[in-house]
Structure formats: structure tokens, C-alpha cells
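What you are looking at is a predicted structure, and each value in this text was computed from that prediction instead of being measured. Throughout, numbering of the chain's residues begins at 1 and tracks the sequence.
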Amino acid sequence: MGQAVDGQGVAEPVGARTGLVARRHVVITGAASGIGRATAERLAADGHRLTLVCRPGTETRLAPLAKAGAAVVGCDLSRPREVARLAARLVAEGGAVDVLFCNAGVQPWRRERTPEGLELGFAVNVLAAYVLVRDSLPSLRRSSAPLVLVTGSLVEAWGAVRLDDLQSARDFDPNRAYWTQKLAVLQLVHHFAGLYRDAGIAVHAIEPGMTRTAFARHFRGFYRFMSIVWRPFMRRPEAVAAEIAALISRADLLETTGTNWHRGRPKQPSAAATDAVAARALAEACERLAAVG
């Protein structure tokens, strides 16, 4: 049986699964473009049932997949109450969510605030994932093989989560803010892996690496230039989608929890990413911010 490693280095299994249902219900956020879109297309071709979440106003981008049977839902992930309503809708539908793929992400180049006063990047990259995973628990419990995947990044190693400045109000820098948010995402993966272990729900991160998407469209100056120079050497979204499709088809992925996956193999994240005390404190802060939002 596979095992996961907690913040103290103790390996803990989730529990064995004998097999997977061939046609699973997969929920994907950030599904209108990039990795989300490529993954949706790959999973649709494999026969999975899909619920595709995108920004309001971008639903038409997913028209071919909707025509093929996917449910398309517009949701502003920067608004915690809308994310909660999305999860409530999934619960109210009564079926199981077999795979929840929290993939949506943004990197604003200047500090922007949502109507609730939240910093945009933190709201989408961290808080939305927290609320959706938290509130989707009843739907995940209905699955015989529940799995949560969250898109991480190698830049988490450069991040530093400060509870007194989670939303980068002091000296906002788009790169430092994003690095910190990706570290926070991995801490939430660690938190939910422990929290949901007894329920038999596996929670993992996937680190896609530099991928050829429109993510850098907001970049400026040197970083914009480098994103163009490096683009030919980046991974294609379809390659990442194939990796994700392979991961969710593996029964052994459900025997462990809290792993960071890169190119189909476990990859050790930073020590801060698996700090159980820090992860719990972050989750408590997210709980408070979600209530305000």
C-alpha cells in the first residue's frame, strides 16, 4: 500500500482501492483555456462525465464540449460566496464528484481588489481552492474513489507565507505574491490531505512545470520578454493533460494522500509546504476570510 508523509515525516496511508470506475465525474476549474481546457478535451475523449467551471462570459469557448455532453458553469472564483454556491450546486445535484481538479489560477501584474476587498490573486489561487474543496466534501463522500487534485508550481519553493500579510498589502510584487500563493496552495493540499484522510479522500498536488498557456498575458517588461523567449521550450498543455488523465486512472493514487506529482512521479516539495502547523494556521485564516467574503 502506498503512503503519504506528514510534516513530521510520518508515513500514513489512506486505504486500498481495488479498482476505478471507468467513467468518472470530473469537475475542472479554469476549464476555458490552457491546462484546464486541454484536460477537459482529453477526459471527454476518454468518456468521463465533466463539469467545467470557467469565468462568466467565457462559456462559449467550451461550446464544443458542452455539445458533447459536458456541463459548463460560469463562476467568478474571486468571490468566495460564488464559489460556495458552486459547491452547493454540486451537492444539490445529488451525484458524486469523483475527481475535483482545482486548476484555475491568475497572476495580476498590479494589486487588484475584489468587491469584497480581497487581493485578486489570493482570492482565485488560494481562497477559491480552499472554499471549493471544503464545501465539496458531501459530493466527494458519495464517490467510491474520491480524488482532489490541485495545480501547484515549482515556484512555491521561493514563497513565504506570512499570516499578517496574506494578501500582499505591503510592497506588492506580482512574482513574490504568486510564489507565496503557490506555497499556500501546497500547504492547503497538506491540510486537506490530513483532514480528509479518515474519509478516504485522496488529496494531491500536480506540478505541471512551465507550460505554453496564456498565463503570462499580464506580464510586463523583462518577464514578458522572457515568457516569449521561453515559450517554444515550454510544455504543451496537451502533454500535461495526458499526464493528468494517467494520474486519475491510477488506483494507487487513491492509496496515498498529500503527494506533489511531477511528470507522473512524486516530487518532494519545500519543507514549508508540508509544515503541518503552518498549514493549519493558513486554513484557519482562509476560514475567516471566506466568511468575510
Side-chain angles (χ1 to χ4, degrees), residues 25-37 39-40 50-59 61-62 70-108 112-143 146-152 166-168 177-178 181-182 184-189 191-193 195-196 201 203 205-206 279 282-293:
H25 180 201
V26 184
V27 177
I28 304 173
T29 66
S33 63
I35 292 171
R37 173 64 180 265
T39 301
L50 303 177
T51 296
L52 306 178
V53 182
C54 60
R55 285 183 292 109
T58 64
E59 293 92 342
R61 297 182 190 175
L62 296 168
V72 176
V73 181
C75 178
D76 185 346
L77 296 176
S78 72
R79 315 288 300 272
R81 289 180 183 172
E82 288 201 25
V83 179
R85 282 195 289 269
L86 168 63
R89 170 179 172 166
L90 294 171
V91 172
E93 287 175 351
V97 170
D98 299 300
V99 181
L100 176 61
F101 181 25
C102 297
N103 165 71
V106 296
Q107 187 179 354
E112 300 179 38
R113 297 175 70 186
T114 71
E116 293 81 7
L118 300 167
E119 190 274 315
L120 179 62
F122 177 82
V124 174
N125 298 333
V126 182
L127 198 55
Y130 175 82
V131 173
L132 188 55
V133 176
R134 179 196 69 183
D135 290 2
S136 295
L137 179 59
S139 298
L140 291 163
R141 282 184 179 275
R142 294 174 185 147
S143 173
L147 170 66
V148 175
L149 282 180
V150 182
T151 300
L166 276 179
Q167 301 186 64
S168 308
Y178 184 71
Q181 287 155 16
K182 282 303 180 181
V185 162
L186 286 196
Q187 288 185 349
L188 290 182
V189 166
H191 169 74
F192 280 114
L195 191 65
Y196 288 179
I201 299 170
V203 184
I206 178 166
L282 173 64
E284 290 170 355
C286 285
E287 188 71 21
R288 291 192 295 271
L289 288 169
V292 171

Could you go step by step and tell me if Leu188 and Val150 meet the side chain to side chain contact (heavy atoms under 4.5 Å, CB included) rule? CA-CA 9 Å; Leu188 290 182; Val150 182; over 6 Å; no
Quick one: which of Val27, Val26, Ile28 gives a side-chain contact (heavy atoms from CB on, under 4.5 Å) with Leu52?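 Testing each of Val27, Val26, Ile28 against Leu52, the sole residue satisfying side-chain contact (heavy atoms from CB on, under 4.5 Å) is Ile28.
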Report the residue from Val126, Leu127, Val124 that forms a side-chain contact (heavy atoms from CB on, under 4.5 Å) with Leu118. Leu127
For the [atom1] atom of [X] and the [atom2] atom of [Y], what is their distance to the nearest 0.5 Å?
| X | Y | atom1 | atom2 | answer |
| --- | --- | --- | --- | --- |
| Ile206 | Phe101 | CD1 | CZ | 6.0 Å |
| Ser139 | Asp98 | OG | CG | 10.5 Å |
| Arg61 | Ser33 | CZ | OG | 6.0 Å |
| Leu195 | Leu137 | CG | CG | 8.0 Å |
| Ser78 | Glu116 | OG | CD | 6.5 Å |

Can you give me the closest heavy-atom contact between [X] and [Y], atom names plus distance?
| X | Y | result |
| --- | --- | --- |
| Ser143 | Ala96 | N-CB, 3.6 Å |
| Ala32 | Cys54 | CB-CB, 3.8 Å |
| Asp135 | Ala87 | CB-CB, 3.4 Å |
| Val131 | Ala84 | CG1-N, 3.8 Å |
| Ala279 | Gln187 | CB-O, 3.3 Å |
| Thr114 | Ala123 | CG2-CB, 4.2 Å |

Answer with yes or no whether the side chains of Thr29 and Asn103 bring together a donor and an acceptor at under 3.5 Å.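 Side-chain D/A pair, Asn103 to Thr29: absent.
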Using side-chain heavy atoms (C-beta onward) and a distance below 4.5 Å, is [X] in contact with [Y]?
| X | Y | answer |
| --- | --- | --- |
| Arg79 | Pro115 | yes |
| Phe192 | Val148 | no |
| Gln167 | Leu289 | yes |
| Ser136 | Leu90 | yes |
| Leu282 | Tyr130 | no |
| Leu100 | Val133 | yes |
| Pro146 | Arg141 | no |
| Leu132 | Leu86 | yes |

The test is side chain to side chain contact (heavy atoms under 4.5 Å, CB included); show your working for Leu120 and Arg113 and say whether it passes. CA-CA 5 Å; Leu120 179 62; Arg113 297 175 70 186; over 6 Å; no
Just jot down the salt bridge (charged side-chain N to carboxylate O under 4.0 Å, His left out) partners of Arg134, sequence neighbours excluded, or say none.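 Glu287.
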Scan Gln107, Gln181, Lys182 and name whichever one has a side-chain hydrogen bond (donor to acceptor under 3.5 Å, both in side chains) with Asn125.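 With Asn125 as partner, Gln107, Gln181, Lys182 yield a single side-chain hydrogen bond (donor to acceptor under 3.5 Å, both in side chains), made by Gln181.
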Does Ala290 offer a backbone N or O that forms a donor-acceptor pair with the side chain of Arg81 under 3.5 Å? no
Let me see the working for Ser168 and Tyr178 under side chain to side chain contact (heavy atoms under 4.5 Å, CB included), right down to the final yes or no. CA-CA 10 Å; Ser168 308; Tyr178 184 71; over 6 Å; no
Show every salt bridge (Lys or Arg N to Asp or Glu O under 4.0 Å) that has at least one partner inside residues 117-126, sequence neighbours left out. none
Enumerate the residue pairs fulfilling salt bridge (Lys or Arg N to Asp or Glu O under 4.0 Å) with a member in residues 86-96, sequence neighbours excluded, ordered by first and then second residue. Arg89-Glu93
Using the side chain to side chain contact (heavy atoms under 4.5 Å, CB included) rule, take Leu62 and Arg37 through it: C-alpha gap first, then chi angles, then the decisive distance, then the call. CA-CA 8 Å; Leu62 296 168; Arg37 173 64 180 265; 3.7 Å; yes
